[in-house]
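Model, not experiment: these values are computed from the prediction. Heavy-atom basis, side chains included; hydrogens, waters and symmetry copies ignored.
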Amino acid sequence: MTAAFDGLLSVHYSQAYVVSGDEPPDPVRAFAGQANGLCGARVPGALFLVTGRNTGEVGFRVDVVDGPPPVDPRWEEIVEVSFTALSDDVNLMDWHQEAYPLPLRESVTYRVRYCARGMDAGKTYLGEPGVTLPLDHYLLLFWPAPVGADRIVRRTSRIAAYWHDEGFVAG
């Protein structure tokens, strides 16, 4: 396992990205025809990631593993998509386009598992004093695998249900 990123990621408008080009993907195109509304993978070489927190920092980790890991029960939301980088220059990118390099290779097809916990807490936080931040945490797992349809593995929160049912995928 390679821990490619482990820290706080700045989000705005509940967005983060994985890109192998210069620009984040358009959200409507990223989610077109998908079942899940949390990890848009329809734009080649890019992922559009939705968080519960609108603006601020979230806990975020990216791991690259050899094969499909078991589903971890600690994660409240889990979706899976396929991803193929368009170059060897692949980055996790925040809203400000601060880029964090990921050790993914061009032309390798990866299965991606996007996991979340605390999405509802992150969404409803209004700056109350005494709250320990971050409230929501995310994990991206990549492993080599054939292309497959996106799927929702686990769905528990109100905000994830909104994005699955009425977000960009509904457009």
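Nearest heavy-atom pair across V18 and V90 is CG1-CG1, 3.8 Å. Taking every heavy atom of both residues into account, L8 and P134 meet most closely at CD2-CG, 3.8 Å. Contact between I78 and D72 at its shortest, heavy atoms only, is CD1-O, 4.1 Å. Heavy atoms only, all atoms of each residue included: T55 and R53 are closest at O-NE, 3.0 Å. Annotation for L9 and A16: closest pair CD2-CB, 3.6 Å, computed over non-hydrogen atoms. Residues C39 and V79 share a closest heavy-atom pair of CB-CG2, 3.8 Å.
A donor and an acceptor atom, one from each side chain of E77 and S157, are located under 3.5 Å apart. Residues R111 and S82 have side chains that bring a donor and an acceptor to within less than 3.5 angstrom of each other. Side-chain contact check for S20 and S87: no donor-acceptor pair (N or O, by modelled atom type) lies under 3.5 Å.
For the atom pair CD (E23) and CE (M93), the distance works out to 7.5 Å, reported to the nearest 0.5 Å. Note that NE2 of H137 is 13.5 Å distant from SG of C115, once rounded to the nearest 0.5 Å. Taken to the nearest 0.5 Å, the CG atom of N54 stands 10.5 Å off from the CG atom of L126. The CZ atom of R151 sits 11.0 Å away from the CZ atom of R154 when rounded to the nearest 0.5 Å. Between the CG atom of L135 and the CD atom of E57 there is a distance of 12.0 Å, given to the nearest 0.5 Å. Rounding to the nearest 0.5 Å places CG of D136 at 7.0 Å from CE of M119.
Listed by chain and number, the residues in a ring pair (Phe, Tyr, Trp, His ring centres under 6.0 Å) with Y162 amount to none (sequence neighbours excluded). For F48, the ring pair (Phe, Tyr, Trp, His ring centres under 6.0 Å) test picks out Y17, F31, F168, with sequence neighbours left out. Listed by chain and residue number, N36 satisfy the side-chain hydrogen bond (donor to acceptor under 3.5 Å, both in side chains) test with D150 (two or more places apart in sequence, or in another chain).
The residues D6 and R61 are annotated as salt-bridged, a charged nitrogen and a carboxylate oxygen being separated by less than 4.0 angstrom. With salt bridges taken as basic N to acidic carboxylate O contacts below 4.0 Å, none links R113 and D63.
Under a hydrophobic-cluster definition in which Ile, Leu, Val, Met, Phe, Trp and Tyr are linked whenever side-chain heavy atoms come within less than 4.5 Å, directly or via other members, V81 and L92 are assigned to the same cluster. Clustering ILVMFWY residues whenever any of their side-chain heavy atoms sit less than 4.5 angstrom apart, transitively, puts V108 in a cluster other than the one holding V147. Hydrophobic clustering (ILVMFWY, side-chain heavy atoms < 4.5 Å, transitive): L141 and V71 are in one cluster. Taken together through direct or relayed side-chain contacts under 4.5 Å among Ile, Leu, Val, Met, Phe, Trp and Tyr, F5 and L38 form part of one hydrophobic cluster. A continuous path of Ile, Leu, Val, Met, Phe, Trp and Tyr side chains, each step under 4.5 Å between heavy atoms, connects F83 with I152, placing both in one hydrophobic cluster.
Aromatic rings from W143 and Y110 are positioned such that their centres are separated by 6.0 Å or more.
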(request) Take L140 and V112 through the test side-chain contact (heavy atoms from CB on, under 4.5 Å) and record every step on the way to the result. (result) CA-CA 7 Å; L140 265 180; V112 180; 3.4 Å; yes
(request) Show the numbers, then the answer: is there a side-chain contact (heavy atoms from CB on, under 4.5 Å) between L47 and Y114? (result) CA-CA 10 Å; L47 299 174; Y114 184 43; over 6 Å; no
(request) Check the pair L49 / F60 against side-chain contact (heavy atoms from CB on, under 4.5 Å), numbers first and verdict last. (result) CA-CA 11 Å; L49 307 168; F60 211 98; 3.8 Å; yes
(message) Pair L104, V64 - check side-chain contact (heavy atoms from CB on, under 4.5 Å), show working.
(response) CA-CA 8 Å; L104 303 175; V64 180; 3.8 Å; yes
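In this structure, R117 satisfies the cation-pi test against W75, with its NZ or CZ atom closer than 6.0 Å to the six-membered ring centre and inside 45 degrees of the ring normal.
Within a 6.0 Å sphere centred on CZ of R105, heavy atoms belonging to other residues, nucleotides or ligands number more than 12.
In this structure a side-chain-to-backbone donor-acceptor pair under 3.5 Å is missing from E98 to S10. Side-chain atoms of R42 come within 3.5 Å of backbone atoms of A32 as a donor-acceptor pair (strictly under, hydrogens ignored).
Using the six-membered ring where Trp is involved, H12 and H96 have ring planes that are perpendicular, over 60° apart on the 30 and 60° scheme.
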